[in-house]
Amino acid sequence: MNKIKPRLIRGFKDYLPKELLPKKALLNLIIEIYERYGFSPLETPALEYKEVLLGYGSEAEKQIYQFEDPEGNEVGLRFDLTVPLSRVIAMYKDLPKPFKRYQIQPVWRYDKPDPGRFREFIQCDIDIIGSASMDADTEILAVMYEILSRLELNFKIRINNRKILNAIVIAANISEDKTLDVFRTIDKLDKVGLKGVVQLLGKGRKDQSGAFIPGIGLNQIQIQKITEFIRYEGNNREEVLQFLEKSLQGVSIGLEGIEELRQIHKNLEALGIKEHVVIDPSLARGLDYYTGPIFEAVLIDAPRFGSVMGGGRYDHLIEIFTGEHTPATGASIGIDRLLAALAYLKKIETRNSVADVLITVMVPEKKIEYFKIATQLRNAGIKTTLYMGKSVSISKQLKYADRLGIPIAVIIGPDEFEKNQITIKDLRKGAVLSTIIKERKEWLEKKPGQITVAKEEFVERIKELVKNQDGKL
RNA sequence: GCCGGGGUAGCUCAGUGGUUAGAGCGCCUGACUGUGGAUCAGGAGGUCACGGGUUCGAGUCCCGUCCCCGGUACCA
């Protein structure tokens with residue numbers, strides 16, 4: 001028989017329990033917070049009509065997985081969650097507005113896979129549709145702030161405003177068609193540094209591999225005007241606002257943007273959010289649809305992972321579908337990046353099993369008794385697995401628990417059955433001891449983390465042990 | 001998309017055109033009285049990415065394809 005060669009489609013990925021367990025824990029935390037802020041869940045189909053997907057323009061076309069379905073419809077996999085959201089807003093006109101929703105679903109993009117970047121990935125979006133108020137932007141920021149705080153991370157949320165960036169471009173006397181190029185270049189500040197940005201705004205630069213990247217071709221005066229803003233660092237939000245007010249006098253779009261940030265600033269003060277959220281005139285973000293405040297979160301202790309959350313206001317996007325002015329603001333969490341950063345910061349636990357308890361089986365004839373014990377633990381809400389392998393060796397079974405990362409083993413052999421007792425073993429304690437103990441005899445005698453208790457109390461004792469885990473995800 | 005480097009055991013990698021392709025780790029079995037780790041003894045595991053070519057002979061040289069890595073561009 002010809003074996004089928006097992007292989008994955010390029011850019012796609014399996015999630016084994018070891019990776020999926022922390023990912024699900026993180027998603028649960030995110031959902032809990034989204035809902036606590038009153039965002040309701042929304043799900044939409046993976047497939048949309050191509051016409052819908054291309055609603056925002058055809059630049060997207062080459063990145064969409066598309067095909068003709070058996071009925072002859074031109075369809076494609078969604079590449080983001082904003083397009084389906086817009087369609088929903090346009091289709092269900094009786095939805096009370098402002099409409100607050102979260103959506104956590106996979107999207108597909110046919111672009112080059114990179115380490116940590118796949119063609120199928122999950123987006124975790126929150127958006128508020130139908131509110132032009134800065135209160136909506138504040139709420140989005142508050143959610144981002146709360147998630148990062150709950151993860152006990154050292155983070156910074158940078159905020160800026162597209163109106164301010166537009167004003168800078170106007171103040172620097174740069175032609176309108178170059179606006180977006182300028183924004184994208186500013187967006188590279190973290191990556192290439194101020195010097196690199198200056199080169200890219202002007203003639204261009206050579207990268208590490210020696211390749212030449214052409215610049216935008218601005219003149220010295222224009223470049224200087226831009227750098228004046230992006231190199232500015234204030235001590236607090238108020239200081240940055242005053243700097244901007246002074247520098248953008250007379251550019252009305254800029255003053256409008258500053259006023260918006262001032263309102264957000266006041267709201268944040270009222271919420272007690274101060275140092276972690278900063279106004280940063282150098283924040284640009286690459287997307288062209290942003291119209292107002294924009295935000296981005298970075299982890300100070302893991303800067304190489306880049307932004308882990310981002311978003312902003314997009315007041316003109318949804319009207320492409322609705323035909324009427326529909327202001328909107330929102331944000332998205334880069335869950336894979338965030339997870340990678342958490343792993344790097346050693347803030348996630350990696351195990352191959354969800355189970356907290358393995359019940360070892362030494363006397364197969366008494367399997368009904370073992371099942372009853374498993375049931376007792378399960379009824380108490382403890383994730384329990386009963387050994388199902390063929391070995392009756394306790395050694396094998398403990399090794400099985402060890403390899404799966406199951407922290408607690410329950411041992412019931414002839415002695416325990418006779419005395420109506422149960423032995424509970426905390427494998428984490430042994431793991432610590434094993435680095436010290438060199439003699440097998442001593443190892444066996446120590447029986448680390450092991451207690452034998454009356455059957456009546458074993459559920460309670462295990463509950464305590466399960467609770468006693470560190471605060472990792 | 002473009003430039004560069006790579007693909008040999010589950011993992012990390014050695015292997016000058018010349019016998020039957022190796023190592024370390026991991027895995028499996030056993031010993032050490034009903035206890036993970038350590039130790040000891042044994043074992044399994046390979047289409048040398050795939051296809052073609054050169055050659056008496058290819059893991060090794062050449063071409064193509066696929067995939068991975070680094071850089072760059074793009075990223076709703």
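In what follows, chains are A, B, ... by sequence order, proteins preceding strands, each numbered from 1.
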Kindly give the atom pairs (protein nitrogen or oxygen, nucleotide nitrogen or oxygen) under 3.5 Å for nucleotides 38-42 of chain B.
residue: B:rA38; atom: N6; partner: A:Arg440; partner atom: NH1; Å: 3.1

**Item:** A:Arg231-A:Ser282 side chain donor-acceptor pair, cut-off 3.5 Å
**Value:** no
**Message:** Regarding A:Arg117, tell me which of base, sugar-phosphate or nothing describes its non-hydrogen contacts under 4.0 Å with the strands shown.
**Reply:** base
**Item:** Phosphate OP1/OP2 of B:rU35: any A:Trp443 side-chain N/O under 4.0 Å
**Value:** no
**Message:** Using a 4.0 Å heavy-atom cut-off, does A:Ser395 contact any base of the nucleic acid, only the sugar-phosphate backbone, or nothing at all?
**Reply:** sugar-phosphate
**Request:** Report the residue from A:Lys100, A:Arg101, A:Lys97 that forms a salt bridge (charged side-chain N to carboxylate O under 4.0 Å, His left out) with A:Asp127.
**Result:** A:Arg101
**Message:** List the residues meeting side chain to side chain contact (heavy atoms under 4.5 Å, CB included) with A:Ser353, not counting sequence neighbours, and say none if there are none.
**Reply:** A:Ala355, A:Leu404, A:Ile406
**Item:** Sugar-phosphate only, base, or nothing, as touched by A:Glu442 at under 4.0 Å among non-hydrogen atoms
**Value:** nothing
**Fill in**
Any strand, both distances under 3.5 Å, Watson-Crick or G-U wobble: B:rU39 pairs with B:rA31
**Request:** Describe the nucleic acid contact of A:Lys188 in one word from base, sugar-phosphate, nothing, applying a heavy-atom distance below 4.0 Å.
**Result:** sugar-phosphate
**Message:** Holding to side chain to side chain contact (heavy atoms under 4.5 Å, CB included), I want the full list of residues that pass it with A:Tyr15, two or more places apart in sequence or in another chain.
**Reply:** A:Lys13, A:Glu19, A:Leu20, A:Lys23, A:Asp336
**Asked** So what does A:Leu444 touch, heavy atoms closer than 4.0 Å: a base, only the sugar-phosphate, or nothing?
**Response** sugar-phosphate
**Fill in**
Residue pairs passing the side-chain hydrogen bond (donor to acceptor under 3.5 Å, both in side chains) test with at least one member in residues 361-375 of chain A, sequence neighbours excluded, are none
**Request:** Pick base, sugar-phosphate or nothing for A:Ile411, based on heavy-atom distances below 4.0 Å to the nucleic acid.
**Result:** base
**Asked** On RNA chain B, nearest-nucleotide positions of A:Asp415 versus A:Tyr289: which is more 5'?
**Response** A:Asp415
**Message:** Given B:rC74, B:rG34, B:rG36, identify the nucleotide with an atom nearest to the side chain of A:Asp402.
**Reply:** B:rG36
**Message:** Looking at B:rC25, which nucleotide sits across from it as a Watson-Crick or G-U wobble partner, both distances under 3.5 angstrom, or is there none?
**Reply:** B:rG10
**Message:** Under 4.0 Å, heavy atom to any atom of RNA chain B: which of residues 104-112 of chain A qualify?
**Reply:** A:Arg109, A:Lys112
**Set of side-chain hydrogen bond (donor to acceptor under 3.5 Å, both in side chains) partners for A:Arg461, sequence neighbours left out** = A:Glu457
**Set of side-chain hydrogen bond (donor to acceptor under 3.5 Å, both in side chains) partners for A:Thr291, sequence neighbours left out** = none
**Item:** Pairs touching residues 384-400 of chain A that satisfy salt bridge (Lys or Arg N to Asp or Glu O under 4.0 Å), sequence neighbours left out
**Value:** none
**Request:** Using the P atom as the reference point in each nucleotide, state the distance between B:rA44 and B:rG57 in Å, no decimals.
**Result:** 33 Å
**Prompt:** Counting any heavy atom closer than 4.0 Å, what does A:Phe79 reach on the DNA or RNA strands: base, sugar-phosphate only, or nothing?
**Reply:** base
**Prompt:** Taking atom types as they are modelled, is there a donor-acceptor pair under 3.5 Å from the base of B:rG34 to the side chain of A:Gln397?
**Reply:** no
**Prompt:** Side chains of A:Thr423 and A:Glu416: donor-acceptor distance under 3.5 Å anywhere?
**Reply:** yes
**Message:** Which nucleotide, if any, forms a Watson-Crick or G-U wobble pair with B:rU19, using both distances under 3.5 Å?
**Reply:** none
**Complete:** Whether each nucleotide of nucleotides 24-30 of chain B has a protein heavy atom under 4.0 Å at its base (B), only at its sugar-phosphate (S) or at neither (-) is summarised, 5' to 3', as ---SSSS
**Prompt:** Can you name the side chain to side chain contact (heavy atoms under 4.5 Å, CB included) partners of A:Thr138, sequence neighbours left out?
**Reply:** A:Ile264, A:Asn267, A:Leu268, A:Leu271
Tabulated below should be each protein N or O lying under 3.5 Å from an N or O of nucleotides 67-69 of chain B; please produce it.
residue: B:rC68; atom: OP2; partner: A:Arg10; partner atom: NH1; Å: 2.2

**Request:** Quick one: look up who B:rG4 pairs with, Watson-Crick or G-U, both distances under 3.5 Å, and put none if it's unpaired.
**Result:** B:rC69
**Message:** Consider ring-ring contact (aromatic ring centres under 6.0 Å, His included). Of A:Tyr65, A:Phe118, A:Phe67, A:Phe12, which one does A:Tyr110 pass it with?
**Reply:** A:Tyr65
**Item:** Residues forming a side chain to side chain contact (heavy atoms under 4.5 Å, CB included) with A:Gln105, sequence neighbours excluded
**Value:** A:Glu43, A:Thr44, A:Arg78, A:Leu81, A:Gln103
**Request:** Using a strict 4.0 Å threshold on nitrogen-to-oxygen distance, state whether A:Arg109 and A:Asp111 make a salt bridge.
**Result:** no
